[in-house]
Each structure stands twice: as structure tokens, then as C-alpha cells.
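To keep things clear, I will list the structure first and then write my remarks on it.
A note on names: the letters A, B, ... follow the listed sequences, proteins ahead of strands, and every chain is numbered from 1. Quick caveat, the model's predicted, so the values are computed rather than measured. Below, all heavy atoms of this structure are taken into account, side chains as well, without hydrogens, waters or symmetry copies.
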There are 2 protein chains.
Amino acid sequence: MKQISRFSHLGELSDKDYFRIALSVDCVIFGFEDGELKVLVIKCNIKEYKGMWSLLGDLVRPDEDLDSASYRILKDRTGLDDVYLEQVHTFGKVNRHPAGRVITTTYFSLVNIKDHQLKLSDNELHWHPVKEITEMAFDHKNILDTCLERLREKIQDHPVVFNLLPKKFSLRELQSVYEAVLNCELDRRNFRKKFFMMDWLVDLNELEEDVPHRPGKLYKFNSSKFAKKVKKIS
Amino acid sequence: MKQISRFSHLGELSDKDYFRIALSVDCVIFGFEDGELKVLVIKCNIKEYKGMWSLLGDLVRPDEDLDSASYRILKDRTGLDDVYLEQVHTFGKVNRHPAGRVITTTYFSLVNIKDHQLKLSDNELHWHPVKEITEMAFDHKNILDTCLERLREKIQDHPVVFNLLPKKFSLRELQSVYEAVLNCELDRRNFRKKFFMMDWLVDLNELEEDVPHRPGKLYKFNSSKFAKKVKKIS
DNA sequence: TTTTAATGTGTATTTTTAACACATTATTGC
DNA sequence: GCAATAATGTGTTAAAAATACACATTAAAA
């Protein structure tokens, strides 16, 4: 490792001291199942937080980009490749990790749970309803809250929730995702109206199957027609 | 330094390897002067970017919180104490710093330039109009752009621009700040209407002095009456 | 005293958001 | 097969917010 000469005016501390901070990445991986927003968590096995849920994370390797690190964690854990990933915040309190100084950069991700059931053989891994999580290891509850808030802002004007759904979905399912994320009820007519106006959907001229009621039309996300001007979901 | 046992499953790399990433903080310090948005920059003296402007930054010390590090930089450089500071993004490309692996967390800050002219004796430090900066050392132009975009979003519904102004200001000055930040013209009547509706201002019943035209009324920021529901500035 | 250049104010129009009800369709149970 | 059920699908109206726009007032400067 070369000298960090840009900071050489700080003579009172040697470079060696500065490399005593570890950098990690934690991923808040959101999924949607049974009408609920869920998050992928794992049982913590360090003694201070034994048995509590924690987020998926790992240390950043010296030779990988920060974004690549989050991508690697996601891919290793879920087997998914083409996922939505967004950096949210970096948490850097001195004592946030009992084992030493670890600063963590957090990302949230949106995946379709059904797409990677296979990988969940690891029974320490678990999809947990976000609403029911009150406590987590480390500062992970705080991280989860921060990412959830970011997600709520994001879906207001960016077409990202499609990542939580299968390729083909009904408007009912789409609305259900919004309601789960925002934790509120939405007016069906206004909801549909807005989505048709925004041009985010393609009508597949197919109907739902195996639903215990009148089947709804199926749509897919229209990736080619991102509306420049976007509107809030009411 | 203790073992980072949470990550101990990663047997293929020793802990030592992980501590070869340095963590820095860079501050995008915005000011407002002569009707322009400015940013505090410093001449870069590492050979790869000799003479180019760079942001104010420093390595994070092992025993200080991440937020404290940004605060320290700001205080050391500007002498200001009670300033607005917000974390924006962490940049972590492997080769972003020529001297080695440095991941940087960036903050933007809003200060009133007039409040700390004294400290600017250091002539490597310089308030530069944001609009005129096309190139910077490292990835700092990218960082500046990211922070500017965040600032633009922020001022839409949060009362933060007051930090760029003196305690007492006219509506003209306030509008001028918005126009400088958003880089657009605003309708004076609508602008005033909205601010009065938002209840962010206190009328001081004083008039501007030493202006070469009819003096406007002076206001101060109403810190006690944060409106819950905020509106976009048009 | 006149000119200049800013401050200060109100209304009408358009756009967006929010509230709201009934007919239609496929499934389920009798 | 038929009735009951539970969802889908659709338009209008009212309220709120955003936008466009013009003229009288005031103090300084000429």
C-alpha cells in the first residue's frame, strides 16, 4: 500500500493507525409475499447478539468496488443476478460493532421472493415480515428503518416496485405492493388511473389463473417508456 | 483491535487484509455570495491532480464517529460551529484515489460565507462559483454534482437554505438563494405567497439598509414553527 | 422634481389530487 | 343449473395546489 499523501499533513497519526477501521456493506433485501413486505435476515451468532436477526453483510475486499461488494453479497445469498440495488447511508458510530471499529455502508435491494426459493435451504436465512421486526442485532433495526423510509420515498416517483413482483402481475398485486410498502390503503380507481397515465405498464391481454374469483388482466413493466415526469402515488 | 468475529467465515482472507482500506470524509461546503451559489475548495497538491480544485476532506480517525469527522473538518476549516451538515453518499470505486484504496463518505454543508471570512487567510482555500466548476481533482466533480442534486431536492420541502443567509434577510435575498441553487427563475408573487403560507418566516419589522433602491422588509427564520406539511417551491 | 428600480399585493386559470358508486365477470356452493 | 359471493373494471365531481399574470407604492438617484 502506497502512502496516502493527500493526507500527509496529519503528522500526528501514522498511516498504520488509519487502517484500523474496517469497512463493511449491509444489504436490506426486501421481498413481497402474502401481501406483506418482507426482509431477508439471518440469525446472528456473535455472543453479544446471539440469536437475534441481522442483515446480510460482509466486509469490503480491498480490491472490489463498494457497489460490487453489495452486489456480491446479494448474489451469494440469493443467487439472483439482475436485481435492484441502491445505496442508502453509511453508519459510522464508533461503537456500533462490539468486535471493533466497523463502518458500514448500507444498500437496499428489491427482489421477487419466488425467484430464488431454492437458495433458502440455509435455515439461518429467513424472510421476515418487516412490520413484525422490533429488534435486531447491532444497529440493524436503525438501518432497516432508514432503508424502508428511503424505499417509501423512492416508489413515489420511480418505477422500482416491479422488482418485487413476478414478470406478469395484476393491478391488484401491484396495488398490494404499494400498500404493503407504504403501510396504508389506497383508492383502487385513483391508483389504476395513475398507473395508466404514467405509461409504466404493458397490457399482456392475458388473465390471471388459479385465483378464487374473477381473474384480473395481467400486465408487465414497460421498461422502455420511463415517463420523465412522474407523479406521486396517492 | 479485536477480531471481527462476525465475518470469521471468510477464512480465505486474513483480518489484516481488510484493514487495507482507508476511510475518508469529504465535505461539499456551500455558500452564497453575489447572487451565486459557491463551494469551498482547496488547491490540490498531489502530483496526479496538481493545481486542481478539490473538496475539503480528511481521513476518519479510528476513535471518532463518521459524523464527527465531517464536523471536525468543517470546524477546522471554517471556524464555524453551528452548521447544517448532511450525509449524502459514499464513493468507493477501487481506483478513485491514486495513492491507494480510499473510500470516502461525503457530506454537504450550508454556511453563511460572511460569518467566517477571517479563516480564509489560507489562500489555498477559495470560494468558487458552482456553475463555473467543470473539472476537479479525483472524483470530486462527481461528488459535487451528487451533493448539489441532493441539495436541490432538499430545499424543496425542508427549511435549510436559511443557513446560507445572514440572520436577517429580505425576501429578495431568500428568493435569490433559491434561484441560485435551482438555477432557474421563480415568480416573485408565488414565491412570497408560499413562504408566508409555510410559516417559516418571522417579520422583524425592520428594513434593509444601504441598498440602492427601496429597502425591503427584513425577516428571520422561524425555527419554532416547522410546518409538518411542506410544499414544493415553484 | 422627475426618473428609475426595486418592493408589495390579488385574482383568474389550469392542473393535480381526492372522494366516491355501480355494473360486470368468473368462481363457489347449493 | 342457479344463486350468492367476491373480486374486477370504469367516470365524474369537488377540493386543493400550482401557475400565470399587472399595477400601485416607495425610496434612492439623477
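- Checking C:dT7, D:dC21, C:dT17 against the side-chain heavy atoms of B:N190 singles out D:dC21 as nearest.
- Atom CZ in A:R188 sits about 14 Å away from atom C1' in C:dA19, given to the nearest Å.
- Per the geometry, NZ belonging to B:K193 stands 12 Å off P belonging to C:dA12, to the nearest Å.
- Taking a 6.0 Å sphere around NZ of A:K93, one finds it holds 12 or fewer heavy atoms contributed by other residues, nucleotides or ligands.
- At whole-Å resolution of the value, NE2 in B:H213 and C1' in C:dT4 are 12 Å apart.
- By the 30° and 60° cut-offs, the orientation of the rings of A:F191 relative to A:Y178 is perpendicular.
- Rounded to a whole Å, the CG atom of B:L186 is 14 Å from the P atom of C:dT7.
- Taking atom CG on B:D210 and atom P on D:dA28, their separation rounds to 10 Å, with Å as the unit.
- Under the 30°/60° scheme for interplanar angles, the aromatic rings of A:Y219 and A:F196 are found to be tilted.
- Applying the 3.5 Å distance criterion, the base of C:dG8 shares no donor-acceptor pair with the side chain of B:R192.
- By the neighbour-count criterion of 12 heavy atoms within 6.0 Å, atom NZ of B:K154 is densely surrounded, having more than that number from other residues, nucleotides or ligands.
- You'll find a donor-acceptor pair under 3.5 Å spanning the side chain of A:R189 and the base of C:dA21, going by distance alone.
- Computed from coordinates, the B:E206 CD to D:dA27 C1' distance equals 18 Å when rounded to whole Å.
- Regarding B:L171, its CG atom lies at a distance of 16 Å from the P atom of C:dA6, rounded to whole Å.
- Mapping B:K217 and A:R214 onto DNA chain C by nearest heavy atom places B:K217 closer to the 5' end of the strand.
- Remark: P of D:dG11 and CG of A:D187 are 15 Å apart, rounded to the nearest angstrom.
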